[in-house]
**Q** 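Have a look at this one before I ask anything.
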Amino acid sequence: MTTTQETGLDQPLLRELELGDLRLPNRVVMAPLTRARAENPGLVPNGLNAAYYGQRAAAGLIISEGTWVSPRAIGFVNVPGIWTEAQVAGWRLVTAAVHARGGRIVQQLWHTGAVSHPDHHGGALPAGPSAVNPHEMSFTADGPKATLTPREMTSAEIEETVDDFRTAAANARRAGFDGVEIGAPGTALVPQFLNPRLNLRTDRYGGDRAGRRRLLLEIVDAVAEPWDGRRVGVRLSPHWTSGDRFTADEGVLADYDELVSELNRHPVAYLHLRGPGPAAPGAAPDLAPFTRYRSRFDGPLIVNHGFDRASANTAVETGTADAVSFGAHFIANPDLVTRFAVGRELAVGDPATYYSGGSRGYADYPVSG
Ligand SMILES: Cc1cc2nc3c(=O)[nH]c(=O)nc-3n(C[C@H](O)[C@H](O)[C@H](O)COP(=O)(O)O)c2cc1C
C-alpha cells in the first residue's frame with residue numbers, strides 16, 4: 001500500500017470533485033455531527049448554529065447533523081427538526097451562512113425508531129420494526145436512559161414514515177440545502193429494519209434480505225422526488241457493532257453487499273460509508289472494508305472513521321474513495337481545509353462539549369495562524 005504524505009495544494013484531498021451534480025472544490029467533507037444546540041421547545045436552528053456551520057464553509061461539502069424528519073423520529077435532546085415552518089426558517093439562516101461563504105451543505109435526515117424513549121414521546125412507547133428491545137441508550141432531558149421494548153410499527157406507520165422522509169426532503173430544499181443524505185448508519189431506524197435480530201417481521205418489510213431493505217429503498221425513492229431524482233446521498237455503516245443486537249457478522253455483511261449493489265438501481269447521488277475505524281489509536285484505517293463496497297457501487301463514495309490528512313490522501317490517491325469525511329477534526333478545526341493545505345497541526349476537541357455547552361466548544365474554536 002502506498003502512503004501519501006503531501007502537503008500543499010496538489011494533494012489528492014484538495015482536488016475538485018463532481019459528486020452527483022454538485023461540484024466540490026475539494027474532497028474534505030464535514031461528517032454529520034449531532035451537537036444538540038437547538039435548545040428551544042420548537043427544536044429550531046438559530047444564529048448560533050448558522051455561525052458554527054458558516055465557520056466550516058470551506059469544506060468541500062458539509063453534511064448537517066442528523067435532523068428529525070418528524071416528532072416520531074425524536075430520540076435525543078436538543079436536536080433540530082425539519083418538519084415545521086419555523087424549523088425551515090431556522091435552517092435558512094444556516095444554509096445562507098454557508099452559501100455566503102461559498103460553501104455547500106446537505107441535510108442529513110434522521111429517525112431513531114426504537115432507539116428512543118417514552119420521555120421523548122409524552123410517555124408513549126416508541127415504535128420500531130418489531131417488539132424487540134434494541135438494548136441501546138437514549139439521551140433524554142434527565143440524561144441517558146436505557147431503551148425499552150418498542151411497539152411494532154404498523155404498515156400504516158411505515159407508510160407515514162416514508163411520507164415523513166419525503167416531506168422532510170422537500171422542506172430541506174425549501175430551506176436552501178444543496179441536497180439531502182439519508183441517515184442510515186449506527187442504530188437508526190433504517191439499520192434497525194436491516195437488522196435480522198431487530199426485524200422479525202413477516203410482511204413485505206421483513207422476512208428476508210429483500211424485505212428488510214425495502215424501507216430504505218422506499219425512502220430513497222420518496223426523498224428523491226422533491227429533488228427531481230438528484231442530490232440524495234445514503235449513509236451506511238455495515239461494520240457497526242454495539243450492544244448485543246448490532247454485530248457485523250458475515251450474514252450482516254452479506255446483506256450489505258446486496259444492499260449496496262441494489263442502490264445502483266435507485267437515484268443515489270453518492271454513498272457515504274462509516275467504516276470500522278482504525279485497529280489501534282493513531283493507526284491508519286484499513287481500506288479493505290471500503291474496497292468491498294467500492295467495487296459494488298457505481299457512484300461516488302465518501303469514506304469515514306479515523307482518517308487524518310495522510311490516510312485520507314492515501315484513500316483518494318489509491319482510488320478507494322472519492323472523498324473523505326471528518327467528524328472530530330471538524331469539531332475542533334473550523335479551518336480544517338487550510339490546515340491540511342499547509343500541513344498545520346490539528347487542534348483536539350473537548351468531548352465534554354460535544355453534546356452540550358452552548359457556544360462553548362461549538363462556535364468558539366479558533367482558526368489557526
Ligand atoms: C459528537 C458526534 C456526533 C455525531 N453525530 C452524528 C450524526 O448526527 N449522524 C451521523 O451519521 N453520524 C454522527 N456521528 C458520527 C460521525 O459522523 C463520524 O462517523 C465519526 O465521528 C467518525 O469520524 P471521525 O473519526 O472523522 O471523527 C457523530 C460523531 C460525533 C463525535
Side-chain angles (χ1 to χ4, degrees), residues 13 27-38 43 45 49 52-53 56 59-69 73-82 105-113 115 137-139 144 180-191 216 233-242 246 270-286 289-290 302-312 315 321 323-333 336-337 339-340 346-357 361-362 365:
L13 272 180
R27 296 158 187 249
V28 182
V29 174
M30 179 170 162
L33 293 163
T34 294
R35 305 303 310 278
R37 259 53 173 207
L43 304 178
N49 308 125
Y52 160 81
Y53 281 109
R56 289 155 178 78
L61 179 69
I62 295 175
I63 301 164
S64 85
E65 63 210 273
T67 306
W68 309 131
V69 296
I74 297 174
F76 202 104
V77 278
N78 299 332
V79 169
I82 183 72
I105 180 167
V106 300
Q107 179 149 54
Q108 193 187 56
L109 302 178
W110 198 261
H111 193 309
T112 52
V115 180
M137 302 299 285
S138 172
F139 278 78
V180 290
E181 176 177 288
I182 296 166
T187 64
L189 178 69
V190 167
L216 173 58
V234 173
R235 187 174 209 215
L236 300 173
S237 59
H239 296 85
W240 182 269
T241 299
S242 62
F246 290 91
Y270 69 84
L271 177 63
H272 183 187
L273 289 179
R274 179 185 154 115
D286 180 9
F290 301 113
I302 306 174
V303 300
N304 167 261
H305 201 177
F307 286 90
D308 62 7
R309 180 176 54 74
S311 56
V324 179
S325 75
F326 301 87
H329 288 326
F330 257 116
I331 291 178
N333 300 275
L336 187 63
V337 177
R339 294 194 196 220
F340 282 167
L346 301 187
V348 177
D350 177 9
T353 53
Y354 275 7
Y355 301 110
S356 64
Y362 183 61
Y365 284 105

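Quick note: numbers below take in every heavy atom, side chains included, and nothing from hydrogens, waters or symmetry partners. Note that ligands are numbered from 1 as they come in the structure, with each ligand's atoms numbered from 1 the same way.
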**Q** Partners of Phe76 by ring-ring contact (aromatic ring centres under 6.0 Å, His included), sequence neighbours excluded?
**A** Phe139, Tyr355

**Q** Kindly indicate, with the supporting measurements, whether the criterion side-chain contact (heavy atoms from CB on, under 4.5 Å) is fulfilled by Ser242 and Thr187.
**A** CA-CA 8 Å; Ser242 62; Thr187 64; 3.8 Å; yes

**Q** Students should find this: residues with any non-hydrogen atom under 4.0 Å from ligand 1. What is the answer?
**A** Ala31, Pro32, Leu33, Thr34, Gly66, Gln108, Trp110, Pro185, Arg235, Arg274, Asn304, His305, Gly306, Phe326, Gly327, Ala328, Tyr354, Tyr355

**Q** Measure the OG1-OH distance between Thr34 and Tyr354 for me, rounded to the nearest 0.5 Å.
**A** 13.0 Å

**Q** So, Thr241 side chain and His239 main chain: donor-acceptor pair closer than 3.5 Å or not?
**A** yes

**Q** Any idea which heavy atoms bring Ser325 and His272 closest together, and the distance?
**A** OG-NE2, 2.8 Å

**Q** Given side-chain contact (heavy atoms from CB on, under 4.5 Å), test Val29 with Tyr270 step by step and report yes or no.
**A** CA-CA 13 Å; Val29 174; Tyr270 69 84; over 6 Å; no

